[in-house]
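Note that this is a predicted model, so its numbers are computed, not measured. In the text below, chain A, chain B and the rest are named by the order of the sequence lines, each starting its count at 1.
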2 protein chains.
Amino acid sequence: METATIKDIARICGVGVSTVSRAINNHPDINEKTKNLIMQTIAEHNYIPNNSARNLKRSESNTIAVLIKGISNPFFNNMLKVLEHEIHRNKYSFLLHRVEEQEDEIEVALLLEKEKRLKGIVFLGGYFSHSEEKLNQLKVPFILSTGGVTEKIDKECYSSVTVDDYKESYKMADYLCKLGHKRIAIIAAPPEEECIGKLRLQGYLKALEDNQIPCDPNLVRYKRDNTLDTFSMKYGYEVTKELLQAEKEFTAVFAISDSIAVGACKAISEAGKNIPEDYSVAGYDGMDIAFYYIPSITTIRQPVEEMAEETIRILFDIIEYGSTNIRKDFPAELVIGQSTKSLIKAEM
Amino acid sequence: METATIKDIARICGVGVSTVSRAINNHPDINEKTKNLIMQTIAEHNYIPNNSARNLKRSESNTIAVLIKGISNPFFNNMLKVLEHEIHRNKYSFLLHRVEEQEDEIEVALLLEKEKRLKGIVFLGGYFSHSEEKLNQLKVPFILSTGGVTEKIDKECYSSVTVDDYKESYKMADYLCKLGHKRIAIIAAPPEEECIGKLRLQGYLKALEDNQIPCDPNLVRYKRDNTLDTFSMKYGYEVTKELLQAEKEFTAVFAISDSIAVGACKAISEAGKNIPEDYSVAGYDGMDIAFYYIPSITTIRQPVEEMAEETIRILFDIIEYGSTNIRKDFPAELVIGQSTKSLIKAEM
DNA sequence: TTGTACGCGTTATCAT
DNA sequence: ATGATAACGCGTACAA
C-alpha cells in the first residue's frame with residue numbers, strides 16, 4: 001500500500017479534503033461526529049500528514065530552532081535542557097539542529113528559516129565570523145547564546161547572551177597569581193582556532209601582566225592535532241604530558257576548560273605528582289565533573305540555567321515586541337575547589 | 001523584499017523555471033553560460049530553494065537519519081561522530097534528530113520518513129517497547145543500535161547492533177566476586193524505568209547467585225527523583241551518600257554507568273574513605289572519564305567505534321541488498337582500573 | 001538546449 | 001458544517 005494521503009482519507013470517509021484538514025487541525029467549524037469518524041479512519045489507516053506539504057502551505061509555524069555547532073560539547077547539555085523547557089513552557093515547538101563543524105551556521109539558519117517557517121532561532125555556542133550582510137539576511141528573530149562574535153560585526157546587528165570570557169579568564173589567572181603562583185602554565189587552544197579559547201588566553205596574559213609576572217612562552221601550551229578535540233580530556237592529558245616532559249618550572253596549570261583540566265590532573269597524577277601539593281590546577285566552565293573530580297577542580301562556573309532562561313526571555317522579547325539589539329553579559333563565579341593551593345607562607 | 005522563489009530568479013534571468021531548476025541541481029542538459037548567469041543572480045539575490053517544496057516534490061532523498069532519545073547522554077557522543085563520518089563516507093546526508101523523552105520514537109520516525117523521504121534510519125539508544133504492528137509500519141530500512149528491545153517484539157522484525165548488557169554486567173559483578181568481595185552494593189536505576197538499567201541489575205543478581213553470595217536488598221540502591229537524571233554523576237553521588245549513611249556493611253560498589261561511578265567515588269571520598277582501600281568501585285560504559293578519573297575506574301568498555309561502523313554497514317546492507325533481520329552482538333571488555341582491589345590475601 | 005504545464009500533499013478562501 | 005478549488009515552491013515530462 002502506498003502511503004495514504006489526505007485525499008485517500010477524504011475518499012474513504014466520503015467527505016472533502018478540507019473537512020479532513022479541519023479534523024486534523026482542530027478547527028472549530030466541524031461536526032463532532034464527522035470529526036470522530038475521520039479521526040478513527042485516520043488511525044485505522046495509519047495516515048500521517050506530510051510535514052513538507054504542511055510547511056510549504058503554512059505561512060507560519062510555532063517553532064523555535066536551536067542551532068548548535070559540534071554537539072559533542074557536554075557544556076551545552078544543561079543549557080539545552082533549560083532551553084527546551086522554556087520554549088515548551090511558552091507553547092512553542094522546539095527544534096534542535098546540529099550544524100557540522102565545517103558548515104556555515106548562518107547558511108543553515110537561512111535554509112531552516114524557509115523550510116520550517118521558524119518563529120525564532122537560538123545560536124548556541126560557536127564563533128561568529130560572518131559579514132554583517134550575511135547576518136542581515138536573517139529575517140527571523142534570532143539570538144546568540146554563549147558564543148563568541150568577531151569584532152568585525154557591528155554590535156548593533158544582533159542580540160546576545162554571553163559571559164565575558166576575557167574577564168572571567170582574567171579572574172581565574174589573577175586568582176592564581178594572588179595565591180602566590182609566579183610560574184603559571186596555560187593549556188590553550190591552537191592559536192589558529194577562531195574561538196573563545198583565544199579570549200581566555202588573552203585574559204590570562206593580561207592577568208600576568210597586571211601582576212607583574214613576565215609571560216614565559218614555554219608555559220603557553222597547545223597542540224595541533226586534527227584527531228584531537230581541543231576541549232577534550234585527552235587533549236589536556238597529552239598537552240600536560242608534554243609540558244611535564246619539557247621540564248620547565250611551574251607551579252600551576254590553568255586549563256581553558258574543565259575537560260582539559262581533568263586530563264591535566266591525570267597526567268600530573270601519572271607523573272607521580274600530587275594536586276595541589278605539587279601543582280595547582282584550574283579549569284573553566286563549571287561542569288559537573290569539576291565538582292565530582294578528586295580533588296575537586298577550581299573553576300569558573302558559568303550560570304548555565306540563568307543564561308538559558310534569559311536567552312529565551314530575550315528571544316520572546318524580540319518576537320513579540322520587536323525589540324532589537326539586546327545584549328546581556330552574565331558574570332561567572334570563581335568556584336574554589338581542592339585543586340589549587342596558596343604558595344604564600346602565612347596561608348600555608 | 002519578500003523572499004525570492006525560483007520564479008523570481010527565472011524572470012530576472014529571462015529564462016524558464018526549469019532552466020533554473022536544472023542549474024541548481026547540476027543537470028547536464030544546460031548551457032554553461034546560462035547556468036553561470038543563473039548561479040550568479042541566485043547569489044546576488046540570496047535565493048535559497050525551499051526545502052519543503054523540494055522534499056514534497058522529490059520522490060527520494062539521500063538522507064539517513066539518526067534518531068536519539070535524550071541527547072544528554074555523553075555516551076553517544078563518540079558514537080555519533082563515527083556514524084556521521086561513515087554516513088558521509090558513503091555519500092549520504094546525515095540528519096540528527098533528537099526525540100524527546102516522552103515522545104514515541106517510532107511515531108517520530110514515521111513522520112520523518114514522510115517529510116524527508118529518508119533512505120534509512122538509525123535508532124540510537126533508547127528502549128523499544130512498541131507493538132510489532134507499529135514497527136512494521138516503517139517502510140524505510142532501519143536499525144536499532146545500542147538499545148534495548150522489549151521481549152514482546154519478535155526478533156525477526158528488526159536488525160540491531162547491541163551489547164549484551166546482561167552478560168557484561170554479569171562479567172563485572174562476577175569479577176568483583178572473584179576479587180573476594182562478598183558485600184557488593186549496586187547503584188541501579190529505579191525499577192520502573194524501562195531501560196537497560198534493568199538488564200544490568202539482572203546480570204549483577206545472577207553473578208551473585210552463581211558465586212553463592214546471597215543478595216542483600218539493602219545493597220540494591222536506587223532513588224526516585226524526577227529532577228535527577230538516572231545516569232548522572234549527581235545521581236550516583238546522592239545514592240551513595242544514602243548507602244553510606246545506611247551503615248550497611250559492604251566492600252564494593254557496582255555503578256551501572258561510569259557517570260554514576262564518578263558520583264559514587266566522590267561521595268565515598270567525602271566520607272573520608274579511600275578507593276580502593278576502603279571500598280572498591282566499578283562502573284560501566286568505558287567513557288573517557290573512567291580512565292581520567294583519579295583513581296581510574298574499573299569499567300566495561302563498549303566498543304563504540306566498531307559498533308557505530310557496523311551499524312552503518314548493516315544499514316547499507318539492508319538498503320542496497322534488501323537484507324533483513326541482521327543482528328550483531330558485540331562483546332565488551334572489562335577494563336581494570338585502580339578503583340577495585342582484591343580482598344584475597346594471597347593477592348594483597 | 002530551453003520553456004510550459006502539471007502535480008506533489010496540504011491549508012485556506014470562498015461558496016454553498 | 002461542508003466541499004471545490006486555488007495557492008505554496010519546486011521538479012520534471014513533454015513539447016518545442
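Rounding to whole angstrom units, CD1 of residue B:Ile38 and P of D:dG11 are separated by 12 Å. What separates NZ of B:Lys114 from P of C:dG9 is a distance of 9 Å, to the nearest Å. In this structure, B:Ile9 places its CD1 atom 13 Å from C1' of D:dC10, rounding to the nearest Å. What separates CZ of B:Arg11 from P of C:dT4 is a distance of 13 Å, to the nearest Å. Summarising the geometry, the separation between NZ on B:Lys33 and P on C:dT1 is reported as 13 Å, rounded to the nearest angstrom. Rounded to an integer number of Å, the gap from CG of A:Asn55 to C1' of C:dG9 is 12 Å. Note: CG (B:Asn51) to C1' (C:dC8) measures 15 Å, nearest angstrom. A:Glu60 has its CD atom 16 Å from the C1' atom of C:dT10, to the nearest Å.
Checking side-chain atoms of A:Ser323 against main-chain N and O of A:Asp317 turns up a donor-acceptor pair under 3.5 Å. The closest donor-acceptor contact from the side chain of A:Asp104 to the backbone of A:Ile106 lies under 3.5 Å.
Comparing C:dT10, C:dG3, D:dT2 by their nearest atom to the side chain of B:Val15 picks out C:dG3. Listed nucleotides D:dG11, C:dT11, C:dG3 differ in distance to A:Arg54; the shortest reach to its side chain belongs to C:dT11. With distances taken from any side-chain atom of B:Lys57 to the nucleotides C:dA12, C:dT10, D:dC10, the minimum falls on D:dC10. Of the candidate nucleotides D:dC8, C:dC8, C:dT2, D:dC8 has the atom lying nearest to any side-chain atom of A:Leu56. With C:dA12, D:dC10, C:dG9 as the choices, the nucleotide that has an atom nearest any side-chain atom of B:Asn50 turns out to be D:dC10. Side chain of B:Asp29, nearest nucleotide from C:dT10, C:dT2, D:dT2: C:dT2. Each of D:dG3, C:dG3, D:dC10 was ranked by its minimum atom distance to the side chain of A:Thr19; first place goes to D:dG3. When each of C:dG9, D:dT2, D:dC10 is scored by its nearest atom to the side-chain atoms of A:Asn31, the top-ranked nucleotide is D:dT2.
Contact between the side-chain N/O atoms of B:Thr34 and the OP1/OP2 oxygens of C:dT2 is found at a separation under 4.0 Å. Contact between the side-chain N/O atoms of B:His27 and the OP1/OP2 oxygens of D:dT12 is found at a separation under 4.0 Å. Side-chain nitrogen and oxygen atoms of B:Ser21 include at least one within less than 4.0 Å of the OP1 or OP2 phosphate oxygen of D:dG11. Distances shown here put a side-chain N or O of A:Asn25 below 4.0 Å from the OP1 or OP2 atom of C:dT11.
In plain terms, the two heavy atoms of A:Tyr92 and A:Asn90 that are nearest each other are CD1-O, 2.9 Å.
Under a 4.0 Å N-O distance rule, the pair A:Glu115/B:Lys116 qualifies as a salt bridge. Ion pairing between B:Lys35 and B:Glu32 fails under the 4.0 Å rule for side-chain N and carboxylate O. Classification of B:Lys81 and B:Glu305 as a salt-bridged pair fails, no side-chain N sitting under 4.0 Å from a carboxylate O.
Remark: the B:Ser18 side chain and the C:dG3 base include a donor-acceptor N/O pair separated by less than 3.5 Å.
Take the nearest nucleotide of DNA chain D for A:Pro28 and for A:Val17: the residue whose nucleotide is more 5' is A:Pro28.
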